[in-house]
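This one's a predicted model, so the numbers in the text were calculated from it and none came from an experiment.
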Amino acid sequence: MARKEPEWGLPAHMAAEFAGTMILILFGVGVVAQVVSGGESGSLGDHDSIAWAWGLGVMFGIYVAGRITGAHLNPAVTITFALFRGFSWKMVAPYILAQTAGAFVAALLVRWNYNDMINAVDPGHTTATQTIFSTLPGNGTLPVSVSSALIDQIIGTAILLFLIVAVTDSMGTAPMANMAPLIVGLIVVAIGFAWATNAGYAINPARDFGPRLASYITGYGGAWRDQYGGLYFWVPIVGPLVGGPIGVLLYDLLIGKNLRKQEGSTPETASRLPADTQTTGEKP
């Protein structure tokens, strides 16, 4: 006899997205704070440890929220699934609010925890430590233009969503035994290894905006601008929101339509999120 699935209401969905995104940011922003505040010696980590911690944070966040919502943890995922995977549009704004709030609270906790070290290495709260919380072109040091950073965010998020729908497509070679969160985490690690120079691979508007807001209200007056003084906060918002749909559209055109044609299915009935739930957060 099939197990009867519980029906969760909006508060449960929002709580899950809040908690999952908070876990993601606690590990992601936390590791950057550790590396940056540790100085140039590298004794407390480096780029590789940052990439691994972000990926692990994604994995843990998915395990936390996946049973209830499928663990979007990212407005680009939520909006893209509303466009292409039948996710309810009425749930989009609540999900994004919960995701951003989770990222904001997590960043405040990191800011509080590392306050002494941040003040010691950067008492003026400049872009030298702003990268702990939010992204900058060229990670605040390299000569990367805003346009290049925007393109980077579009491509990076397209890769992310392309691979997420690939590994959660039940018509393809989806991982078994609840392994999808690990695989999605490894996707983020790989993006961190390959696409981190131009714009710090935010690939998630909530991941960037929530911590950016937290840094602004805790002393980073230039949080909304880049190292050149120009407004930059919009880049890791617009880029992912453009790139996400492109990634899923490309998957559906190159792979998905052929799988559907063979199996007589549709993207909405075949696609499964990491916790094996549909994008509406409910079982069929």
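Formation of a donor-acceptor pair under 3.5 Å by the Q153 side chain with backbone atoms of V242 is not found in this model. With hydrogens and angles ignored, the 3.5 Å screen pairs no side-chain donor or acceptor of D116 with any backbone N or O of N119.
Taking CD1 of I154 as the reference point, atom CD1 of I246 lies at 6.0 Å (rounded to 0.5 Å). Rounded to the nearest 0.5 angstrom, I237 CD1 and T100 OG1 are separated by 8.5 Å. With rounding to the nearest 0.5 angstrom, the OH atom of Y216 is 13.5 Å from the OG atom of S134. To the nearest 0.5 Å, atoms CG (L250) and CZ (F162) are separated by 7.0 Å. Atom OG1 of T78 is separated from atom CG of L83 by 11.0 Å, given to the nearest 0.5 angstrom. Rounded to the nearest 0.5 Å, atoms OG (S147) and CG (N198) are 9.5 Å apart.
Here the closest non-hydrogen pair linking P240 and A76 is O-CB, 3.6 Å. Of all the heavy atoms in K90 and P94, the pair that sits closest is O-CD, 3.4 Å. Shown here for Y201 and A51, the closest heavy-atom pair between the two residues is OH-CA, 3.4 Å. Listed here is the closest heavy atom pair of I191 and G156: CD1-O, 3.9 Å. Of all heavy-atom pairs spanning M59 and L182, the tightest one is SD-CD1, 3.6 Å. Considering every non-hydrogen atom in both A82 and V92, the closest pair reads CB-CG2, 3.8 Å.
If you check the side chains of T135 and D208, you find a donor sitting under 3.5 Å from an acceptor. Counted by atom type alone, Q130 and T126 present zero donor-acceptor pairs between their side chains at under 3.5 Å.
F133 is not listed as a side-chain neighbour of T218, based on a closest heavy-atom distance of 4.5 Å or more. Proximity of R111 to S215: side-chain heavy atoms (C-beta onward) are nowhere separated by under 4.5 Å. Counting only heavy atoms from C-beta outward, the side chains of P75 and N204 approach each other to under 4.5 Å. Contact of the Y232 side chain with the R212 side chain is registered, since non-hydrogen atoms from C-beta on lie closer than 4.5 Å. At least one side-chain heavy atom of W52 sits under 4.5 Å from a side-chain heavy atom of L186. A heavy-atom distance below 4.5 Å is found between the side chains of P175 and V167. A heavy-atom distance below 4.5 Å is not found between the side chains of T127 and T131.
L254 and I155 fall within the same hydrophobic cluster, defined by Ile, Leu, Val, Met, Phe, Trp and Tyr side-chain heavy atoms under 4.5 Å apart, directly or through other members. In the hydrophobic cluster analysis, where Ile, Leu, Val, Met, Phe, Trp and Tyr join through side-chain heavy atoms closer than 4.5 angstrom, L108 is grouped apart from M117. Placement of L136 and Y220 in two distinct hydrophobic clusters is found when ILVMFWY residues are connected by side-chain heavy-atom separations under 4.5 Å, directly or transitively. Tracing side-chain contacts under 4.5 Å through hydrophobic residues (I, L, V, M, F, W, Y), one never reaches L150 starting from Y228; they form parts of separate clusters. The hydrophobic cluster containing L142 does not contain V146, counting ILVMFWY residues as joined when their side-chain heavy atoms lie under 4.5 angstrom apart, directly or transitively.
Below 30°, between 30° and 60°, or above 60°: for F193 and H47 the angle between ring planes is between 30° and 60°, a tilted geometry.
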Query - From CA spacing to verdict: side-chain contact (heavy atoms from CB on, under 4.5 Å), T80, F87 - result: CA-CA 9 Å; T80 299; F87 183 71; over 6 Å; no

Query raised in the report: How far apart are the C-alpha atoms of N74 and R207, what are their side-chain angles, what is the distance that settles it, and do they pass the side-chain contact (heavy atoms from CB on, under 4.5 Å) test?
Result: CA-CA 7 Å; N74 183 340; R207 168 267 174 272; over 6 Å; no

Let me check something: any side-chain donor-acceptor pairs from residues 14-33 under 3.5 Å, sequence neighbours excluded? List them with distances.
{"from": "E17", "atom 1": "OE1", "to": "L73", "atom 2": "N", "distance (Å)": "2.8"}
{"from": "E17", "atom 1": "OE1", "to": "Q99", "atom 2": "NE2", "distance (Å)": "2.9"}
{"from": "E17", "atom 1": "OE2", "to": "T69", "atom 2": "OG1", "distance (Å)": "2.5"}
{"from": "E17", "atom 1": "OE2", "to": "H72", "atom 2": "N", "distance (Å)": "3.1"}
{"from": "T21", "atom 1": "OG1", "to": "E17", "atom 2": "O", "distance (Å)": "2.7"}

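With sequence neighbours excluded, no residue satisfies ring-ring contact (aromatic ring centres under 6.0 Å, His included) with Y114. For S148, the side-chain hydrogen bond (donor to acceptor under 3.5 Å, both in side chains) partners at least two apart in sequence or on another chain are S145.
Two rings, from W234 and F209, have their centers 6.0 Å or more apart. Here the two rings, on W224 and F233, have centers that are under 6.0 Å apart.
With a 6.0 Å radius and a threshold of 12 heavy atoms from other residues, nucleotides or ligands, W89 has its CH2 atom above the threshold.
Between D252 and the options K257, R260, R85, a side chain to side chain donor-acceptor pair (under 3.5 Å) holds for only R85. Considering L161, D169, L163, I164 in turn, D169 is the only one that fulfils the side-chain contact (heavy atoms from CB on, under 4.5 Å) rule with Y251.
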